[in-house]
Enquirer: 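This is the structure I want to talk about, given as structure tokens.
One-based numbering, in listed order, for ligands and for the atoms of each.
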Amino acid sequence: MKNTRIETIADMVKEGMVVADIGTDHALLPILLVQNNKSNKVYACDIAEGPLASAKANIEKYHYSSLIQTILSNGFEHVPADSEVAVIAGMGYLTACGILDAAMHRLPSFKQIILEINRDPDEMRKWISSHNFTIVEERYVHERNHDYVIMSFTCEYHPSYTEEEILLGPVLMQKNEDDYIAYCQKQYEKYKTILERSSGRSDASIQKKFLIFKEFLKQ
Ligand SMILES: C[S@@+](CC[C@H](N)C(=O)[O-])C[C@H]1O[C@@H](n2cnc3c(N)ncnc32)[C@H](O)[C@@H]1O
């Protein structure tokens, strides 16, 4: 089955890098990176034996065992030092943040860190902003009724992002893409409904989000 989310992540990875896929599960991303000639050295890492076994079986099926190495690792713990790109995808925000927080000293050695969390991309941007890191690229994917935001960042200094940039995405808000505008419209409607139903008792952050989407969409 086509997997646009994974294809988009693979597309965002810089070419010719050593890549560490943290929480690889089935190793779909490492396999795609090798198939697309994006990388010829990938570490497929996972905290659990079960997913790692399925990663290994998939890698062997494609005869990529010499190019993709499976590693049992909690976050970055056993990720080799020559890794240049890290990917953390398909996890919740708290898990992703826990992994990044535990490896803070190592993050500057990466040329690119790509994140795709299950929901609330603004929480991820807030984390990036709180460390004055730089969001370099963002892509939005709508697939099988799910909204995915994929972002890449580096540890280069960036002043804190504004509330608008955190909610809308500093890169996505400049792209003016129809599907992302449609996503923002859905968010706007969601917050509008919450506000209407709460008849003024919603907290200030809901109000703020509603107003940011409203202004962005010029409603
Ligand atoms: C839902 S899968 C996502 C798989 C793939 N990255 C994707 O985007 O489709 C999440 C994987 O992350 C792994 N995981 C969770 N916490 C982890 C951690 N701290 N370090 C490494 N892997 C972790 C889980 O074992 C699971 O295989």
Enquirer: Using a strict threshold of under 4.0 Å (side-chain N to carboxylate O), is an ion pair present between E84 and K111?
Expert: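 A salt bridge links K111 with E84.
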
Enquirer: Taking side-chain contact (heavy atoms from CB on, under 4.5 Å) as the definition, give me every residue that meets it alongside E138, ordered by chain and number, with sequence neighbours left out.
Expert: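 side-chain contact (heavy atoms from CB on, under 4.5 Å) check on E138 returns R125, I135, M151, P170, V171, L172.
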
Enquirer: Could you check whether R106 makes a cation-pi contact with F76, meaning its NZ or CZ is under 6.0 Å from the centre of the six-membered ring and within 45° of the ring axis?
Expert: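 So R106 doesn't make the cation-pi contact.
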
Enquirer: Centres of the F210 and Y191 rings: under 6.0 Å?
Expert: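 Not under 6.0 Å, so no.
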
Enquirer: Between ligand 1 and the protein, which N/O pairs fall short of 3.5 Å?
Expert:
unit_1	atom_1	unit_2	atom_2	d
ligand 1	6 (N)	G23	O	2.7
ligand 1	6 (N)	A89	O	2.9
ligand 1	8 (O)	R5	NH1	2.7
ligand 1	8 (O)	R5	NH2	3.4
ligand 1	8 (O)	A89	O	3.3
ligand 1	9 (O)	R5	NH2	2.7
ligand 1	19 (N)	N74	OD1	3.0
ligand 1	20 (N)	G75	N	2.8
ligand 1	22 (N)	I47	N	3.2
ligand 1	25 (O)	D46	OD1	2.6
ligand 1	27 (O)	D46	OD1	3.4
ligand 1	27 (O)	D46	OD2	2.7

Enquirer: State which residues pass side-chain contact (heavy atoms from CB on, under 4.5 Å) with V136; sequence neighbours excluded, sorted by chain then number.
Expert: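 V136 satisfies side-chain contact (heavy atoms from CB on, under 4.5 Å) with T134, S152, T154 once adjacent residues are dropped.
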
Enquirer: K190: what forms a side chain to side chain donor-acceptor pair (under 3.5 Å) with it, not counting sequence neighbours?
Expert: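 Listed in chain order: Q187.
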
